[in-house]
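Predicted model only: the values in this text are computed from it and were never measured.
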Amino acid sequence: MFEISRPTSAIENSTKVKTKIAYINDTPFTFIPGETILTFVRRNLGENLVPTLCDAPNLDPFGSCRICSVDVALVQNGNAKAMASCHTPVLENSFIYPTSGRIQKLRKNIIELVLTDHPLDCLTCEVNNNCELQTVAAQVGVRDVRYPEGKNHVDRKKDLSHPYMTSDMSKCINCFRCVRACDEVQGQFVLSMAGRGFDSHIVKGSNQSFFESDCVSCGACAQACPTSAISDVFESKSIVATEKTRTICTYCGVGCNLEVSTVQGEIKSIQAPFDAKVNSGHTCLKGRYAFKFYNHKERLRYPLIKKDGEFVEATWDEAYDFIASKLTEIKTNYGADAIGGISSARCTNEENYLMQKFIRTVIGTNNIDSCARVCHSPTALGMQRTFGTGAATNSVVDLKYTDAIMVIGANPTEGHPVTGAKMKQFAMKGKTSIVIDPRRTEMAKYATYHLQTKPGTNVAILNMMLYYIIQENAEDKSFIENRTEGYADFKQHVLSMDMNELEAITGVDKELVRKAALAYASAPNAMSFHGLGVTEHSQGTFTVMLIADLAMITGNIGRRGVGVNPLRGQNNVQGAADMGCQPHQGAGYFDVTNAEYHAKYESFYGVKLPNYVGLKIPQMYDAAIDGKFKALWLMGEDNVQTDPNTNHVKKALANLELLVVQELFMTETAKLADVILPAASFLEKSGTFTNGERRIQKVNAVVKPIAGTKTDGQIIIDIMNKMGANEPDYNPAILLEEISKIVPFFAGVKWDELGDNGKQWPVLADGSDTEILHTESFKLGKGQFKKATWKESSELTDNQKDYPFILTTNRELEHYNCGAQTRRTGNADILLTDTLMIHPTDAETYLINEGDMVCVESARGKIDVKARITDEVKQGILSSTFHYPEVNMNILTSSVTDTDALCPEYKVCAVRIRKSKGKYKVS
Amino acid sequence: MSSIQLLLANDKKPGIKNYTAYRANGGYQSVEKALGNMSPDEVTEDVKKSGLRGRGGAGFPTGMKWSFLAKPEGVPRYLVVNADESEPGTFKDRYLMEFIPHLLIEGMVVASYALGANVSYIYIRGEYAWIVDILEQAIVEAKQNGFLGKNILGKGYDLEIYVQRGAGAYICGEETALLESLEGRRGNPRIKPPFPAVKGLWGCPTVVNNVETIAAVVPIINMTGDEYAKIGVGRSTGTKLISACGNINKPGVYEIDMTCSVEEFIFSEEYCGGIPNGKRLKACIPGGSSVPILPANLLLKTAKGETRYMNYESLSDGGFETGSMMGSGGFIVLDEDQCVVRHTMTLARFYHHESCGQCSPCREGTGWMHKILKSIENGTGKMSDIELLWDIQRKIEGNTICPLGDAAAWPVAAAIRHFRDEFEWHVTHPAEAMAGNYPF
């Protein structure tokens, strides 16, 4: 009968419906059916005419403060009734009086009542001059309170238990905004209202402190709270900033828009802007709170050159001269192909572009790779083979329009918290959700179907789904007919499989798989999301191809609410590949071995370029150990801690004649470098990041680079020029102009036109961007069905006998990858170390108690790690993270890689365990 | 007793609590008739024709409420019976459920059939714990005899009824707070729209009806809506249960046909039997604690000087200035010894205690009304407090999400309106007020 709409959705629908009239102060205005009185009044007469307290831009209308009440009459100057404008839809031909004398008196009286239970210590309050209650009180003109002093709650204690979140409930006005933010935005349900009436009070968890509760520190409540009842240690909402800068978060591929407050050149706090398309007022504890690393005392502040095993402080010129002469020497002695570079998906597009340009045009080799290799290289390859484009087909906003989601090998609530929160909200609404994961992740707990596979059996489970879809005639035959090729052969291949066999391999009940498959196939629109649990396997590329097959067989490509959507791990991993930091493709994904493209690159750069594929990261290590690869340039990556088989990596790096590392901190890798160049963090530089939905967004320098450091881009330019190039100083606008000339899907990207919310590539020459790929046809013309047969990883076939457990690796919300940044923030006070998830039965067998140190050993080595007993993992399966160098989990992981993209198999590692004797125990 | 007894005709019959006696006295005939000969829409139509108005307090026409129920394809619909009878002075539903439980179950089967609900709930006040057992026993018996469960009477209609206890909050009698509580959440009222008829229990179309309303469906179907509409007067059709209490000789639950006068109801032997000890009638709250109190003169005669009757229209004649409301039928009589200030303070304390705390005016305002009334009652009040009290109730009324705010404001407003002199006396005679030596 009635649906209440927020202004945006109401306006979206406005084109479809006939507009109607209502009157504000006797002046007619057209309203949008379903629109609330509040949005109607604000749209026509400005934001400030009607005050509110319980309303917030990213929350549903609630109607509890009643401050927004307005008089509504059915005839001009007729009998008016006070209505809460925030949740009352506009009635046609009604007469609205937002500021009648009666209403103003009502508002004043309500505020007066609220103030009877609120401390009047404004001058010393954190939010003084930034308090919504204060503003509204001033607006309605409360000058005194007629009530005598009575029972109140002003003596409530502050909660300062948490590294970030704070509360002072004496300031609470019971507006429920924090509770609603916790429920509606994050979906964590930590905050709730206890007690009744006058005794109503906010509690965390089961009346715990912030620290004890299940709070995930997203800060949505602090941002929502209109007073200082809930805030954070940075006083984010009330800080009086000298400058506010919009930029993009660097902690994952979601690409949250951030608003950073600085006071006289020092970063003080970060908020999430409500008008951000990606995160609309939300972000996670990494984005919002984990910024204090930027001026941490351990930041590298001058170049270091290793002399006789010791690092010695050097000037930039000394460092550059040293590197340039060493590189020239190695190039002369061993050839350009003895040199290589690994770019960084943490850096900007412009810096990545420069890095590959440096390696290709100045050094003269295609030995350029990036950390996409160790995460989503199989996605790029698998999707290129099936669709032609190695990028998400749709956008996260499509979650609003889809009917079913399938999440494979991804733990978005930890790894991609803002998108994860949206997915959780989706699943909590009871909509169809399928999770394929060896672990019972938070999403799995909410999902309709959880297919809890044995690690390394993704190809098998997806083949089962495809089998049942075909068997039950649930394919989208017209899509297959019109948009794809190779189906007949593919179908025959799938139907030849034995479901009982695959059921045994995956360890998942085939009936459950059948139901999940049909749920995906029968949904009008279904989206899939996948993460590193898909790619970091020996059959990663094959798994991606099967996910693409699933989308094609069910016709879930090319419109809103469908598609194949990799959840990119690093903030600019999409961009690093787009910019050509891959040994086989240059900027814009042109094959370096193709004569036409090779010629195009040579003429564009004006130099001779190699026309054969360079080394991928694992190949670089092997070549270094073989003595064929002599110099490596690392831009912002801690390969020793994060690449698998640590000892192998260390051996390779030790064998180099020159290792140059651009870093913020003395990482495990930096320790092995010959030269360390101190770089600037994302907060200190400008450029663009491309998020997981192909959105190119502007990164704006918030502060100048910390004294003694330079942006990564400038460092690369300096060394290029030192070695004979002629690059202007680092300037993203100029670089984007160059990039737009060589990368076709950047054709219309201009620095000045990106705005706050960026553009999704391909961006056409006229500047228009693209939300959904493959709407009419695929990049390849027709979609290509690709078949794949499950094969056990050699890690297991070789080692299972001696190492019966399977260790898989995962991520925790609090830390980001090697943790070089997050371990130097308050996040480290929340999550102190890596832990090993172990099933209770296994723990009992091995006499392991919660918190015991467990010795985990693989064919490569052994480590000690603290046990966390949980049924999140099945029996025989272990899981852990590699955030802490003290634990060094990657000593265990193997050098097995994806057969096609060479992405390492972090997710399957044969190990054995015992209770630790303390030998490897961390002190 | 009134000659017409539709609900309480058999309440004194031995064993009527149990199926056998209930059935022997004509029970479950309405189910046989409705499922046997009538379509769901015909049942709704009959209820519409009967003119039955909601017996919970608001008096909204029941048939109309049923016809508003949204019926989207593939979405379940629910009937929820509101048995959270918590209004001070109201205990009619308790009587019905305790002594004639099958009447409610029978009415629910017919109503659920009309609404197309296959699952229905009775949300019962937590303090009525012993009645839960009675209702559950009745449900078991109804199932055993084919009037409930799968394929009722072989007609292909399925219905399950569940009884859910509340946990002692008055607010959960408000229909949307009730739904929140039923879903396992904090009992806070929801904003409307959307109304329960569109988005109710579990987000599905839902009708919430009072116990007595649903019980009344049984005689309506048995005798037809047209016949039912002939009982009573004007838009007050059928019979109404009144729970009478206070200073009367015969407190209890009475079924009236809404044609008797207030005077007759209070003083006749058939009903309340007059005031004990020959005391004078001072005032009365005719429809449960939240409706306006009326002084004796305005109770027995309207402002126009006409006799006031025990029906919806007559009790509300004169609006809130000189009238009151039928409300939930909780009839509370005050004799000459009662202090209206003290009485109002007691009610204010109740609403203060029961406010859910969601809306600012009610959360804070009910507390201040209680505090100020307490201070006046204790003889520490000021004349300006009376104005402040008036001001607060004006700011609460109509300015909250649910009607609890109104319910808290009305008794205060009416007390000041009709008994201002008593408030003033408390202020001017603090010592006597403290001692409880009232001159009135």
Side-chain angles (χ1 to χ4, degrees), chain A residues 1-4 34 36 53-54 60-67 69 80-84 86-89 102-103 105-118 133 145-152 173-176 179 183 189 192-201 429-430, chain B residues 68-70 168-172 185-195 197-199 202-203 205 351-372 374-375 380-382 384-385 387-388 391-392 394-402 404-405 408:
Chain A
M1 202 181 295
F2 294 107
E3 275 296 330
I4 293 178
T36 65
L53 278 177
C54 71
D60 289 341
F62 194 65
S64 77
C65 75
R66 318 306 286 183
I67 298 292
S69 296
K81 188 168 163 29
M83 306 269 222
C86 71
H87 69 81
T88 309
R102 201 174 77 109
I103 285 297
K105 199 158 170 257
L106 172 67
R107 289 181 189 146
K108 192 170 160 176
N109 274 272
I110 293 172
I111 292 295
E112 189 186 2
L113 281 169
V114 171
L115 289 179
T116 61
D117 192 12
H118 189 85
L133 178 62
V145 173
R146 288 171 294 167
Y147 302 92
E149 196 161 312
K151 204 171 141 200
N152 58 46
I173 58 165
N174 294 40
C175 67
F176 285 73
V179 177
D183 296 356
F189 303 97
S192 56
M193 188 63 84
R196 196 164 70 195
F198 186 67
D199 183 41
S200 303
H201 57 284
K429 290 192 171 73
Chain B
F68 286 158
L69 187 71
Y170 172 72
I171 190 64
C172 292
R185 291 204 282 262
R186 178 186 170 85
N188 275 9
R190 298 175 180 171
I191 52 174
K192 284 150 271 183
F195 292 94
V198 178
K199 258 181 129 173
W202 319 116
Y351 289 108
H352 170 39
H353 185 255
E354 296 299 340
S355 167
C356 78
Q358 194 171 209
C359 304
S360 329
C362 177
R363 179 184 64 247
E364 307 293 338
T366 53
W368 281 105
M369 289 201 302
H370 172 216
K371 270 178 248 189
I372 293 166
K374 203 159 103 181
S375 125
T380 55
K382 301 190 290 280
S384 62
D385 284 346
E387 297 321 309
L388 189 55
D391 206 33
I392 302 172
R394 289 285 297 139
K395 294 303 173 289
I396 300 175
E397 190 204 341
N399 294 321
T400 53
I401 290 173
C402 84
L404 190 143

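Taking A/Thr116 as the reference, B/Trp368 meet the side-chain hydrogen bond (donor to acceptor under 3.5 Å, both in side chains) condition, with sequence neighbours excluded. Checked against side-chain hydrogen bond (donor to acceptor under 3.5 Å, both in side chains), A/Asp117 has the following partners two or more places apart in sequence or in another chain: A/His153.
Heavy-atom distances place the side chain of A/Lys81, and not its backbone, under 4.5 Å from chain B. A/Leu113 touches chain B through backbone and side chain together, each having a heavy atom under 4.5 Å away. Interface residue A/Ile173: only backbone heavy atoms are found under 4.5 Å from chain B.
What you find for B/Asn399 and A/Ala82 is that their closest heavy atoms are OD1-CB, 3.2 Å. Between A/Gly63 and B/Cys359 the shortest heavy-atom distance is O-SG, 4.2 Å. The heavy-atom pair separating B/Ile191 from A/Pro61 by the smallest distance is CD1-O, 3.5 Å. The minimum heavy-atom distance linking A/Ser200 with B/Arg186 is given by the pair OG-NH2, 3.8 Å. Pairing each heavy atom of B/Ser360 with each of A/Val114, the nearest pair is CB-CG2, 3.9 Å.
Side-chain contact between A/Arg146 and B/Asp391 is present, with at least one heavy-atom pair separated by less than 4.5 Å. For the pair A/Arg196/B/His353, a side-chain contact is recorded, criterion being any heavy-atom separation below 4.5 Å from C-beta on. Using a 4.5 Å heavy-atom threshold, the side chains of A/Arg66 and B/Ile401 count as touching.
Of the residues considered (A/Cys65, A/Ser192, A/Cys54), A/Cys65 shows the highest number of contacts with chain B, using heavy-atom pairs under 4.5 Å.
The line from CZ of B/Arg363 to CZ of A/Phe198 is 9.5 Å long, rounded to the nearest 0.5 Å. Interatomic distance, B/Glu364 CD to A/His118 NE2, rounded to the nearest 0.5 Å: 11.5 Å. Interatomic distance, CZ of A/Arg107 versus NZ of B/Lys395, reported as 13.0 Å (0.5 Å rounding). A/Met193 contributes atom CE, which lies 8.5 Å from atom CD of B/Gln358 (distance to the nearest 0.5 angstrom).
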